[in-house]
Enquirer: 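Input: one structure, supplied below.
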Amino acid sequence: MNGAVFLIFGATGDLAKRKLFPAFYSLYREGKLNEHFAVIGLARRSRTNEQFREDLRDSINEFARHHVQDDEDWAKFAEHFEYLPLDINNVDGFRQLNTLTQQLDVKFQTNGNRLFYLALAPELFGNVSYNLREGGLLETTGWHRLVIEKPFGYDLESAGKLNQQLRQVFEEKDIYRIDHYLGKEMVQNIEVVRFANAFFEPLWNNKYIANIQITLGETVGVEDRGGYYDHSGALRDMAQNHMLQMLAMMAMEPPSRLHPEDIRDEKVKVLRSLRPFESAEEVTKNVVRGQYTAGQLNGKDMPAYRSEESVNPESNTETYLAARVFVDNFRWAGVPFYIRTGKRLPVKSTEVVVEFKNVPDNVYLANKHDLQPNLLVFRVNPMEGIYLQMNAKKPGAEGVIIPIAMDFCQSCQVGLNTPEAYERLIFDAMRGDSTYFTRWDEVAHAWQFVDAIAQAWKENSGDLAHYPAGSWGPDAANELLAADGFKWWPVNGQHEGEVIWASQS
Ligand code: BG6
């Protein structure tokens, strides 16, 4: 690793506090960040280095996987951090920033490498990029990379404009667009499980797979992000990015090489093959949108979405979405992908379920034994693991077939101390590996797909169904699968198989 200066814009914000600074500390403690690094925290408010480092220590102690050991150790780490108040509209401030960056480059021998991390509202991306260039920050002997957070635009048009602004300053290869779901251990594991196992890849197609279900349930409401969320909704906040990215990982062809561009090329092909919704009727038939009303979750009363802070009391924004999606290519012709996500659902859980087709009628006729389909489940979050459900003879009982399960609980074995998504992503950006960042064409195809849904909803706001907080969303989401002869499989370890054999720790 050849070192870098990290410039964090939005350093006093929530993301920096909860995710970025703790990630730096874990990387440092685990030896992935050697002494050749510096971090400059940037935000409008004035702050001394000492105050900044104190906040840093608090955020690490509260949110990092590793706690600060002792003062000596801390001082060694903290001296890599500096704070500079910056008005992002003032190019002189950027010149001053350039001087500080050069000094830190010399002090920590970072080879002129610079990583600009914009933990800011996207409206500011264009200005900051422009001023980075005008302030001389791109004139360096090493590499420079730009890391940006979602949302990347509001629709295809605004995303295109945003992209144009960035591309006036940065090359595509130097832009790292974060989708933190791609940094999750089990999302990265999808391709390994698929492509490194003889008993999955041959079956990974429409001959053997009945459907694929992706659930991303959350118990939280909109917390203090009502203003942003009410403008965005579940479609833009979750489906355009996290859900379609997981779908692409499940559906993509094996890449010819494990090179970032080859993998991203395969994902783009999937996104390009999504069957577009051609009319509002098609959207009504295939997409369910919901909004939570008051209800109870874990024994607590929860307010309705419309009563949340900063939310329009007459809002028609969706907090829930379920959809039937098809990937129109040779491998997936006829296989529905069902996706669903929602706020204030009964559990926090992200799981991907592959439901296999039933065996042909044979001596174990389904009608005699009520055979359950085989399931392969990727448990992404918060429990991490892989679950496989199959049929077997009930021990001791004559002629009784039951579902059994192999349950590999990764989080139970490795512990919950596996690296956080942001640790992986910062580490990857630092070493120039863009595999788990989204390329512009992926973002554009995803927007194109969801724009058709948003447009239909705009024309037909009557589609919005309500569900009580603490429930699994509108009934229409169950009807969506029932119409195809399927059902949503329970998530969060509540599958039906009796765990007869489980991996041992
Ligand atoms: C973010 C969304 O991208 O992902 C949030 O903006 C959501 O609304 C969050 O809560 C979920 O992430 P995770 O990692 O907690 O499942």
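A quick note: this is a predicted structure, and the numbers were derived from the prediction, not measured. In each ligand, atom 1 is the first atom listed, and ligand 1 is the first ligand listed.
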Enquirer: Taking non-hydrogen atoms within less than 4.0 Å of ligand 1, which protein residues qualify?
Expert: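 Close residues (ligand 1, cut-off 4.0 Å): Lys150, His180, Tyr181, Lys184, Glu218, Arg225, Asp237, Met238, His242, Lys343, Lys348, Asn381.
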Enquirer: Could you tell me if the ring centre of His466 sits under 6.0 Å from that of Tyr305?
Expert: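 No; Tyr305 has its ring centre 6.0 Å or more from that of His466.
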Enquirer: Answer with yes or no whether the side chains of Glu459 and Gln455 bring together a donor and an acceptor at under 3.5 Å.
Expert: yes
Enquirer: In Å, rounded to the nearest 0.5 Å, how long is the span from CZ of Phe195 to CZ of Phe200?
Expert: 13.0 Å
Enquirer: Can we say Asp58 and Lys17 salt-bridge, meaning some charged N sits less than 4.0 Å from an Asp/Glu carboxylate O?
Expert: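 No.
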Enquirer: Flag the pair Glu191 and Arg194 as a salt bridge only when some basic side-chain nitrogen lies within less than 4.0 angstrom of an acidic carboxylate oxygen.
Expert: no
Enquirer: Side chains of Gln410 and Arg379: do they bring a donor and an acceptor to under 3.5 Å?
Expert: no
